[in-house]
**Q** 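The structure is given below, and queries will be raised subsequently.
Just the heavy atoms: all of them, side chains too, but no hydrogens, waters or symmetry mates, feed the values below. The sequence lines fix the lettering, A, B, ..., with proteins before strands; numbering per chain opens at 1.
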2 protein chains.
Amino acid sequence: MDVCNCNICELKDMFFENVSKDEIKYLCSSKVEIPYKKGDFIIEQGSAIDDFMYLKSGLVKLYIHNDDEREQIISFAKPKDFVSILSIFSGNNYTYSVKAVQDSVTCNIKMSEIRHLAETNGKFGLSLLQRMSKVSDKIILESLEVRKRKLNGRVAYILLFFKEHIFNSNEFELPVSRKEIAEYIGMTTENVIRTLTEFRKDKIIKIYGKVIEICNLERLESISKHG
Amino acid sequence: MDVCNCNICELKDMFFENVSKDEIKYLCSSKVEIPYKKGDFIIEQGSAIDDFMYLKSGLVKLYIHNDDEREQIISFAKPKDFVSILSIFSGNNYTYSVKAVQDSVTCNIKMSEIRHLAETNGKFGLSLLQRMSKVSDKIILESLEVRKRKLNGRVAYILLFFKEHIFNSNEFELPVSRKEIAEYIGMTTENVIRTLTEFRKDKIIKIYGKVIEICNLERLESISKHG
DNA sequence: ATCAGCTTATGATAATTATCATAAAAGGTT
DNA sequence: AACCTTTTATGATAATTATCATAAGCTGAT
């Protein structure tokens, strides 16, 4: 389908079946794609919320930072994930920042148009509500999952997270630094490194610089589950 | 206003200004109020989602429990808060349980009617989306707030939470056990008790059984902020 | 190429937190 | 009242995690 000027219009995918071609066209009329380089800010905490954004390619981190304190990563977003989630429907300003951890492209649609469409097309609104809820739920449940684990369980968990949700392979290049892993699962950088080293010594993983190869999946899963 | 058979219809409050009298009547047609005793299950993890529920009176805890593991309290809900939040728009079964920590009354509306109204009245849907988002956001941000603190900071935080969000007073009867506090802020029961004792010895609070009196608010706030 | 700055790595030590054990206090039941 | 169970309380100890220090490796900029 070629309802908009981008080659492959994934908007229909994003908002389910409840939008007509005309409505897609309407959304697309304000749709822009913005490329970012690794390390670029995509959203700055505190800035005004104008656009509804989802990720077209790359990988980004959503995080909170309060001056002196350490950053706390809330979640990673991969292609087709929403980038604007928290506060998007509940406030006027972002309560978090988003930064590209890999070169990324976002798709932006004016919030005013999303709102307008949701008001006029209840089915679209309901779909949106479902999608948004799914995202929030996942973040909440995942944070509980992480929190109940000890450090080695957390590291195992995030390795499996990358394997299963991002790369779908036993071997992958870590898309984030050890520091960012630490900020995500709530531990110190040193202990992330130490734990990875420990996994390596126990022949559970191999480490080639940024590349991780999971050698003993069962063991890693066991550690993730039972510590 | 007396659009429904309950004396004070708070539905308008719950769903903003975007619902007509007829629509309120429609929602009310399936609305029931259910009383629970302290300790009663209101929602059992895994059960089917039929109703949209909010709390009319009392206090409830939302929590996750997986067989052998310790319970993890996600959030407390006070009157006018939604009780069904997680998974309500994103799945068919509850991913968490809700239990009354005080005698409570819930208001239940059939999900099918909520859905139907959201589909036919986009403004209502959008209001709902805003309300739901606000709840999720608060849970996510609060969990980050708690997690970054050390134990004494967490206990200080939850005392201030009760003071500010539930009781609005420097003296209140703790509505939950030390164990439940521990399950909420992610520490052991012993350490919650120990920390409270420490606060008492430092004359920051007084403890009369279940009753807590905050004597040194500034100090407590300081501990909550900087440990 | 060289330097500065960041990431990764590892060890030693201190601080924090959990676990285990025990007992008093409180609440509920017969 | 007597009994049982749960909660609160406290201490001793073990386990976990953070902090501090140091150094090697990598990366980007001049």
**Q** Just how far, in rounded Å, is P of C/dT17 from CZ of B/Arg147?
**A**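 Spelled out: CZ on B/Arg147 to P on C/dT17 is 15 Å.
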**Q** Using the C1' atoms of five pairs at each end, what's the angle between the two axes of the helix from C/dA1-D/dT30 to C/dT30-D/dA1, to 10 degrees?
**A**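 Both end axes considered, the difference amounts to 50°.
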**Q** May I ask you to check whether A/Ser97 and A/Glu44 show a side-chain donor-acceptor distance below 3.5 Å?
**A** no
**Q** Taking atom C1' of D/dT17 as reference, at what distance in whole Å does atom CD of A/Glu198 sit?
**A**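 In whole Å, D/dT17 C1' lies 13 Å from A/Glu198 CD.
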**Q** For nucleotides 18-25 of chain C, read 5' to 3', which letter fits each nucleotide if B means a protein heavy atom sits under 4.0 Å from the base, S means only the sugar-phosphate is that close, and - means neither?
**A** BBB-----
**Q** Classify the side-chain pair B/Asp137/A/Ser90 by whether it contains a donor and acceptor separated by less than 3.5 Å.
**A**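 The answer is yes; a qualifying pair exists.
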**Q** Would you check if A/Tyr157 and A/Val146 make a side-chain contact, meaning some heavy-atom pair closer than 4.5 Å?
**A** yes
**Q** Rounded to the Å, how far apart are A/Ile193 CD1 and C/dC6 C1'?
**A**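 Rounding to the nearest Å, CD1 of A/Ile193 and C1' of C/dC6 are 12 Å apart.
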**Q** Looking at A/Arg149, does any N or O in its side chain come under 4.0 Å of the phosphate oxygens OP1/OP2 on D/dT16?
**A** no
**Q** Return the value, rounded to whole Å, for the distance between atom OH of B/Tyr208 and atom P of D/dA9.
**A** 14 Å
**Q** Nearest-Å distance, CD1 (A/Ile207) to C1' (D/dG25)?
**A**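 Taking CD1 of A/Ile207 and C1' of D/dG25, I get 14 Å after rounding.
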**Q** Between A/Ser177 and C/dC6, does any side-chain N or O lie under 4.0 Å from OP1 or OP2?
**A** no
**Q** Without placing hydrogens or testing angles, list every side-chain donor-acceptor pair under 3.5 Å for residues 208-223 of chain B, not counting sequence neighbours.
**A**
{"residue": "B/Tyr208", "atom": "OH", "partner": "B/Glu213", "partner atom": "OE1", "Å": "3.1"}
{"residue": "B/Asn216", "atom": "OD1", "partner": "B/Arg219", "partner atom": "N", "Å": "3.1"}

**Q** Between B/Arg200 (CZ) and D/dA9 (P), how many Å, whole number?
**A** 7 Å
**Q** Could you check whether the rings of A/His165 and A/Phe161 sit parallel, tilted or perpendicular, using 30° and 60° as the cut-offs?
**A**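 A/His165 vs A/Phe161 ring planes: tilted.
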**Q** Reckon B/Lys210 has a side-chain N or O less than 4.0 Å from the OP1 or OP2 of D/dT8?
**A** yes
**Q** Between B/Arg178 and A/Lys150, which has a closest nucleotide on DNA chain D that is more 5'?
**A**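 Its nucleotide being nearer the 5' end, the pick is B/Arg178.
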**Q** Can you see whether A/Phe76 has A/Lys61 sitting over its ring - NZ or CZ less than 6.0 Å from the centre and within 45° of the normal?
**A**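 Because its charged atom misses either the 6.0 Å distance or the 45° angle limit, A/Lys61 does not stack over A/Phe76.
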**Q** Round to a whole Å and report the spacing from CD of A/Glu183 to C1' of C/dT8.
**A** 15 Å
**Q** Could you tell me the separation between the CZ atom of B/Phe199 and the C1' atom of D/dA9, rounded to a whole number of Å?
**A** 16 Å
**Q** Taking any heavy-atom pair under 4.0 Å as a contact, classify B/Thr197: base, sugar-phosphate, or nothing.
**A** sugar-phosphate
**Q** Are the side chain of A/Gln72 and the backbone N or O of A/Tyr184 linked by a donor-acceptor pair below 3.5 Å?
**A** no
**Q** Ring-plane angle category for B/Phe52 and B/Phe89, please: parallel below 30°, perpendicular beyond 60°, tilted otherwise.
**A** tilted
**Q** For the residue pair A/Asn170 and A/Lys163, confirm or rule out a side-chain donor-acceptor distance under 3.5 Å.
**A** yes
